[in-house]
**Q** 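Take this structure, written in structure tokens, and hold onto it; I'll ask about it next.
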Amino acid sequence: MHNEDTKQLELDKRYMRMAKIWAENSYCVRRQVGALIVKDKMIISDGYNGTPAGFENICENEDGFTKPYVLHAEANAITKIARSNNNSNGATLYVTTSPCIECAKLIIQAGIVRVVYGELYHITDGIDLLKRAGVEVLYLENY
């Protein structure tokens, strides 16, 4: 591995650890997910899974299933950029769990060119779509 590659891998691991800590903000019981969007070595957005602004901070219904209106961490991070003066064109998304297909569509449309993720979710259609769109995808198991 070249020195530049080693340096990038260390940065990737560091941002993934930060995303994991950010996930602790989630009120979801079943799974806490964190996401960071980094551009030009700056964190330009962050997100974690949860209910929309103004809703109660309860992600699961009485049967223990996730409510249909819960936002994923990636969607929260991407939509946060829409309310800022920044944009995610050319950015890297760090997320603790692999993106679903709905989030993958948002990632592609937001101009994010690289996705680094931790836990591999059992449904891989989101990762498959990202690869098909030419988004660089990196699975980091130990960070």
Side-chain angles (χ1 to χ4, degrees), residues 1-60 64-143:
M1 223 194 263
H2 294 83
N3 190 27
E4 199 60 38
D5 293 338
T6 308
K7 201 169 162 182
Q8 184 60 57
L9 183 62
E10 286 310 308
L11 264 178
D12 288 343
K13 288 179 178 180
R14 200 166 294 135
Y15 285 126
M16 284 299 295
R17 290 194 300 272
M18 291 171 77
K20 190 176 177 83
I21 289 168
W22 201 243
E24 294 172 14
N25 287 314
S26 173
Y27 287 90
C28 297
V29 176
R30 292 180 70 198
R31 171 180 278 122
Q32 292 181 312
V33 181
L36 295 177
I37 298 176
V38 176
K39 184 176 176 179
D40 302 324
K41 295 185 180 173
M42 288 185 297
I43 297 169
I44 61 167
S45 192
D46 54 63
Y48 50 87
N49 56 327
T51 55
F55 282 66
E56 74 293 336
N57 288 320
I58 301 166
C59 297
E60 292 82 13
F65 293 105
T66 301
K67 293 176 181 174
Y69 54 85
V70 166
L71 286 151
H72 289 185
E74 307 94 310
N76 267 326
I78 290 168
T79 54
K80 205 178 209 180
I81 288 175
R83 292 169 56 165
S84 75
N85 294 324
N86 220 326
N87 73 73
S88 52
N89 214 30
T92 297
L93 170 78
Y94 294 89
V95 62
T96 55
T97 301
S98 60
C100 71
I101 196 156
E102 292 302 319
C103 287
K105 290 190 277 187
L106 293 175
I107 291 164
I108 294 162
Q109 291 299 93
I112 293 168
V113 296
R114 190 165 176 266
V115 173
V116 181
Y117 67 95
E119 183 187 344
L120 181 60
Y121 194 66
H122 66 277
I123 300 168
T124 62
D125 55 0
I127 294 296
D128 298 339
L129 185 66
L130 289 171
K131 288 178 180 174
R132 185 174 160 198
V135 174
E136 183 188 336
V137 178
L138 175 63
Y139 172 45
L140 267 188
E141 202 170 7
N142 302 310
Y143 53 91

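Since the structure is predicted, the reported quantities are computational estimates derived from the model, not experimental observations.
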**Q** Is the shortest heavy-atom distance from the side chain of M16 to the side chain of V95 under 4.5 Å?
**A**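 When only atoms from C-beta onward are counted, V95 and M16 do not touch, as no gap falls below 4.5 Å.
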**Q** How close do A23 and G34 get, heavy atom to heavy atom, and via which atoms?
**A**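 Nearest pair, atom of A23 first, then G34: CB-N, 3.3 Å.
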**Q** Indicate yes or no for a side-chain donor-acceptor contact from E74 to the backbone of A104 under 3.5 Å, with no hydrogens or angles considered.
**A**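 No: the side chain of E74 does not pair with the backbone of A104.
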**Q** Between Q32 (side chain) and S26 (backbone), is there a donor-acceptor pair under 3.5 Å?
**A**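 Looks like yes, one N/O pair under 3.5 Å.
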**Q** More than 12 heavy atoms of other residues, nucleotides or ligands under 6.0 Å from CD of E4: yes or no?
**A**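 Counting other residues, nucleotides and ligands, CD of E4 stays at 12 neighbours or fewer.
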**Q** Does CZ in F65 sit with more than 12 non-hydrogen atoms of other residues, nucleotides or ligands closer than 6.0 Å?
**A**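 No, not enclosed.
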**Q** Side chains of L140 and L138: closer than 4.5 Å at any heavy-atom pair?
**A**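 Heavy-atom side-chain distance check passes, below 4.5 Å.
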**Q** Would you say the side-chain atoms of N49 pair up with the backbone N or O of V33, donor to acceptor, closer than 3.5 Å?
**A**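 Yes; judged by distance alone, with no hydrogens or angles, the pair exists.
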**Q** Determine, for E60 against R31, whether the closest basic-nitrogen to carboxylate-oxygen distance falls under 4.0 angstrom.
**A**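 No, E60 and R31 are not salt-bridged.
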**Q** For the residue pair D128 and R132, establish whether any side-chain heavy-atom pair is separated by less than 4.5 Å.
**A**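 SC-SC contact between D128 and R132 ruled out.
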**Q** Which heavy atom in A19 sits nearest to a heavy atom in L36, and how many Å separate them?
**A**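 Shortest heavy-atom contact: N-CD1, 3.9 Å.
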**Q** Between Y94 and D12, do the side chains contain an N or O donor and an N or O acceptor separated by less than 3.5 Å?
**A**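 There is such a pair (donor and acceptor under 3.5 Å, judged by atom type) between the side chains of Y94 and D12.
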**Q** Are side-chain heavy atoms of V113 and V135 found at a separation under 4.5 Å?
**A**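 No - every pair of side-chain heavy atoms lies 4.5 Å or more apart.
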**Q** Heavy atoms only: give me the nearest Y69-P52 pair and the separation to one decimal.
**A**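 Reported closest heavy-atom pair: O-CD, 3.5 Å.
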**Q** Surrounding CD of Q109 (heavy atoms of other residues, nucleotides or ligands, distance under 6.0 Å), is the total greater than 12?
**A**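 Incorrect, the count does not exceed 12.
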**Q** Heavy-atom count check: over 12 atoms from other residues, nucleotides or ligands less than 6.0 Å from Y143 OH?
**A**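 Check passes, neighbour count above 12.
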**Q** Within the 4.5 Å heavy-atom criterion, are I43 and Y15 side-chain neighbours or not?
**A**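 A side-chain contact under 4.5 Å exists here.
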**Q** Just do the side-chain contact (heavy atoms from CB on, under 4.5 Å) check on T51 and I58 with the steps written out, would you?
**A** CA-CA 7 Å; T51 55; I58 301 166; 5.9 Å; no
**Q** Examine the side chains of K39 and N87 and answer whether a donor and an acceptor come within less than 3.5 Å of each other.
**A**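 There is such a pair (donor and acceptor under 3.5 Å, judged by atom type) between the side chains of K39 and N87.
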**Q** Mind checking whether V29 and C59 have side chains closer than 4.5 Å, heavy atoms only?
**A**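 Counting from C-beta outward, V29 and C59 never come under 4.5 Å.
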**Q** I44 and V38: side-chain contact (heavy atoms from CB on, under 4.5 Å), yes or no, with the steps?
**A** CA-CA 6 Å; I44 61 167; V38 176; over 6 Å; no
**Q** If you count every heavy atom of other residues, nucleotides or ligands that lies below 6.0 Å from K20 atom NZ, does the total exceed 12?
**A**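 No, because the 6.0 Å sphere around NZ of K20 holds 12 heavy atoms or fewer from other groups.
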**Q** Would you confirm whether S98, through its side chain, and Y121, through its main-chain N or O, come within 3.5 Å as a donor-acceptor pair?
**A**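 At least one qualifying donor-acceptor pair exists.
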**Q** So, the side chain of S88 versus the backbone of G111: is there a donor-acceptor pair under 3.5 Å, distance only?
**A**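 Judged by distance alone, no pair lies under 3.5 Å.
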**Q** Charged N to carboxylate O below 4.0 Å: is that the case for E102 and K105?
**A**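 Counted as a salt bridge, because a side-chain N and a carboxylate O are separated by less than 4.0 Å.
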**Q** Say whether, by atom type as modelled, one donor and one acceptor occur between the side chain of S45 and the main chain of A77 under 3.5 angstrom.
**A**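 Pair found, side chain donor or acceptor close to backbone of A77.
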